[in-house]
Structure formats: structure tokens, C-alpha cells
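So the structure is just underneath, and the comments pick up after that.
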Amino acid sequence: MVTSARADRLVDMCELLEDYGNDIVTVSVKYGTRDLQNRVLQASNPVMHLDFISRVVGDAKGEDILALCDDPGVRDIEYIAPNQKDSTLHRLLEVYRVYHYVIGGRFPIAAVNFSQGVRRDAIGNNVSGERTMAEALDVVARRASPVFVAAGNSGDTRLSRYAEGDHVFPVVATQGNGAALYPETSRPDATTNKRRLFLFADGAPRLETSRIDELPGALEPKHHLTLGQLLMPEQSQITVGGSSFATFAATPTACLVHQYLQVVDFHLSAEKLVGQVQAQPFVSYYVDNGIPQDVPALKNRLADKRKKYAPIYEISTSNKQRFDDFFFGNTVEFNLRYSTPILRAFYRTLPEANLAGGFEGYQRYISFDAVLDRLRAMTLADWVAIAANKRSTYFGRWMDLARQDPAPLFDSTTMDAIAAYCRDYALFIILSDEAKSKF
């Protein structure tokens, strides 16, 4: 079904195609039927077939694409300008690969950082494949891995098109440890969907020198993402602020939740014995990051290399018995596996931020320490409220029983181990740049 807004957009696109005639254009066509998919593939020289969002991106004569405009199966046609083509296709290729890495089980990527904005000369021109990229990021967030997207740096309420998906985490920049909005950041307003969650993180310039920037192999500031920003985003030196840097600070917080929930799962699993257990590493991927793989500070922190550190945690008999008594003794219907919905539900337990005036949705200030402190305080009742089956007639009883055990789920030893792993040993996937985004 094509909405009125999409129909108007499609009419505008088809009118544009009339001007191109026999000229070659690069377009992204969203198809609604298998027959149309085949027609698009035949009408164009396909650069990539993004089957997970039902799109074909390719080069074709304007008149050949124009012939598709009357097909009811066409959901959208998006033009990509020649000067935007290489960067757009490169980013799409990276997101496509990340999606299939996760779905195919090659790498358990636990967070994706998309902090790259539309080039200034393309803002508002609809020539950079923003709708295609937004769809791709949203599907990755829904099916594969949580995705953190920079809200943009318009200085007003014009949010980045990349952050439009309902399942991604848009990140807005603040200053002064969340005291106020960073002036240049984009932010939601009264017209933004109030059911959405917006994260706020510090993105103001910081001129202090962090120890990571003093390590051999640290990169020069000319790179969009420096080594310090990758490994220690809340301590690294930055000279220009914005939502991209706020997104660098927000993404590592997912590691804390990812590791915490694995420890929960170890306590609930009958297969896991008491004593030391090895968890899955936290793997994050930063789209279009520009970081080379051979810098010394990344040694043993690359997920696609054989040598890396595994997170190890201690499971005590008393705490495992505590979980058994509550969850199995009371037959609690409980699903607390790491996912975008669970991460979103946890973030909502953070204090309300109220930084974007007029926006009626969820606003949460986020930092590594803020998330760590919240996890340290989380109780059985907190997690039952997040992850138990609220439709069950027993939900109220489970909550009453959980409140009888007000102690935090894990002690300081476990939480310190989680924090140490996430700060110093969490892993990265760094996909190499390619001259051509074709495969």
C-alpha cells in the first residue's frame, strides 16, 4: 500500500525522470512484488540488490525507470546524485554486510553506530539515498542488532533522515553532562512521534588529552572517528562537537547491558554450573569509521582476529539459588535476552531528561557511568516489569513477590567485572574500505 505522501513523492520522482530521457541515472527502487523485482533487475545495471528491504539500487536510462512509474507494485523510487553515489553505496554496502553477518551467524554484532550525516551540499535535496539508508538501518535494528544513529546537527528540529526509523536509537547532543542541549544539535519537537525514545549524550568539544590519544598509532584529528573516540569516547579529545560524537558516547553503553543480561542468562540456565563462566564478547560496528586495523591499541580487540579477550564472570551458588527460587519456583514467564526492544525498555528506566521542549516522547540522558549506576541498582522487580509477560493473570503476583527481594541482582564484584570488560576489552568489527561498492 502506498500512502498519500509516498504517492506524491513518487509523482515528483517520475516527473524528474522525464527530464533524463536516455541519460543514465542511479536510482533505488522499492518493489512490492516478485515480478516487479525481476523487471527492475532487467531494466537496470544493478549495483546491489538489497533484498532485506526489497530494494534494487542500480544505473539505468531515465526513460527505462520512468516506464515503471505506472506499475502498482512500485513502492518508491529514490534518485542518487552522481556526486553522492560512491559514499552512499559504500555505506549501504556496509550496512548490508553487517545485517548478513548477524543473520548468518558469522559475527554476533551487538551494536551498530551510524553517526555519519548527509553531506552538507545534499541536505534537503533528497539525492543521497536517505530513505533507502533509513530503511536499511531500521531493519537491522528490528531484526539483527541495536542501531545508534546521530540525530543530526541542523541546530533545530530537522532530524537526520537516517534517524527516522521507529526501531533505531536517535542520539541528540548535549553539553555539561546533560545540563543542556548542544546548540548545533538537531532535536525532536511536538510533531515528532511521541512513542519514540530519544537518547541524549554529551557531544560538546572536550580539549582534555586522554591517555588513549597518547598511545602509539593514534590517528590524526582529520579522521572523522579517531582511535580515542572509538575506544574511550567519553574521555577522548574532540575539537568539534555534535550528535556524531554524542553517538560515540552512547553506543558503548549497550555493552554494559549486553554483558549484564548474559550473566542473568547464566543464572537462569540449568546447563551453566556455578563457578567461572565465559560470556559472548560484545562486538560493535561503526559504519564508515576510517580506522585502520594495524594500530597497536586495537591489538586483541578486533572480532575477526583469532586472538582476543573473552569476558569471564563468577556465578555463585547462593545467587544461582536465588534465581531458581524466584523464577522457577514461581513459574515466571520471563524473556530477558539482549535485543533492541529489551535495550529500549531498559533505557526507559533511566531518569527523564526533558531537554527537548515540546517533545512528548521518551527523553533519556545516557552515559557509560549513568547506565552502569542504573544496572548496579536494578532489582528483580525492575526486570520483571521490563521482561515478564504482562498479559499473564499472574503478573501482579510476580511483581509482589519480586518486591519482597529488594536487593540489586548482582553485587559490586560482578558489576565491576562487567564495567572493566566493556571499558578495556570489548571488540570491534572494522570493515575495510573498498574502491567500488559492487559485489
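Every heavy atom of this structure was used, including side-chain atoms; hydrogens, water molecules and symmetry mates were not.
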Any L372 side-chain heavy atom under 4.5 Å of R423 side chain: yes
Derivation and outcome, salt bridge (charged side-chain N to carboxylate O under 4.0 Å, His left out), residues D23 and K61: CA-CA 5 Å; D23 293 339; K61 293 180 180 180; over 6 Å; no
Minimal non-hydrogen separation, P188 against V172, with atom names: CD-CG2, 4.1 Å
D189 bridged to R158 by N-O distance under 4.0 Å: no
Cationic N near anionic O, under 4.0 Å, D156 to R187: no
Passing candidate, salt bridge (Lys or Arg N to Asp or Glu O under 4.0 Å) with D382, options R348, R374, R376, R403: R374
Worked check of side chain to side chain contact (heavy atoms under 4.5 Å, CB included) between W383 and T349: CA-CA 10 Å; W383 288 116; T349 71; over 6 Å; no
Set of residues satisfying ring pair (Phe, Tyr, Trp, His ring centres under 6.0 Å) with respect to F148, sequence neighbours excluded: F169
More than 12 heavy atoms of other groups within 6.0 Å of F52 CZ: yes
F248 ring center near F245 ring center (under 6.0 Å): yes
Close aromatic pair by centroid cut-off 6.0 Å: Y365 and F198: no
Whether H49 and Y31 hold their rings parallel, tilted or perpendicular, with breakpoints at 30° and 60°: tilted
For T132, the option from E78, R91, K30 that meets side chain to side chain contact (heavy atoms under 4.5 Å, CB included): E78
Side chain N22, main chain E63, donor-acceptor under 3.5 Å: no
Side chain to side chain contact (heavy atoms under 4.5 Å, CB included) evaluation trace for Y286 with L230: CA-CA 9 Å; Y286 289 65; L230 181 71; 3.7 Å; yes
Salt bridge D265-R337, side-chain N to carboxylate O under 4.0 Å: yes
Working for side chain to side chain contact (heavy atoms under 4.5 Å, CB included), residues Y309 and R301: CA-CA 7 Å; Y309 297 109; R301 297 196 68 173; 5.6 Å; no
K390 atom NZ, over 12 foreign heavy atoms within 6.0 Å: yes
Contact check, side chains of P146 and Y338, non-hydrogen atoms, under 4.5 Å: yes
Qualifying side chain to side chain donor-acceptor pair (under 3.5 Å) pairs, either residue in residues 103-113, two or more places apart: N113-S115, N113-T251
side-chain hydrogen bond (donor to acceptor under 3.5 Å, both in side chains) involving R391 - partner list, sequence neighbours excluded: none
Y260 and F410 aromatic ring geometry - parallel, tilted or perpendicular at 30°/60° bounds: perpendicular
Parallel, tilted or perpendicular: ring planes of F395 versus W398, cut at 30 and 60 degrees: perpendicular
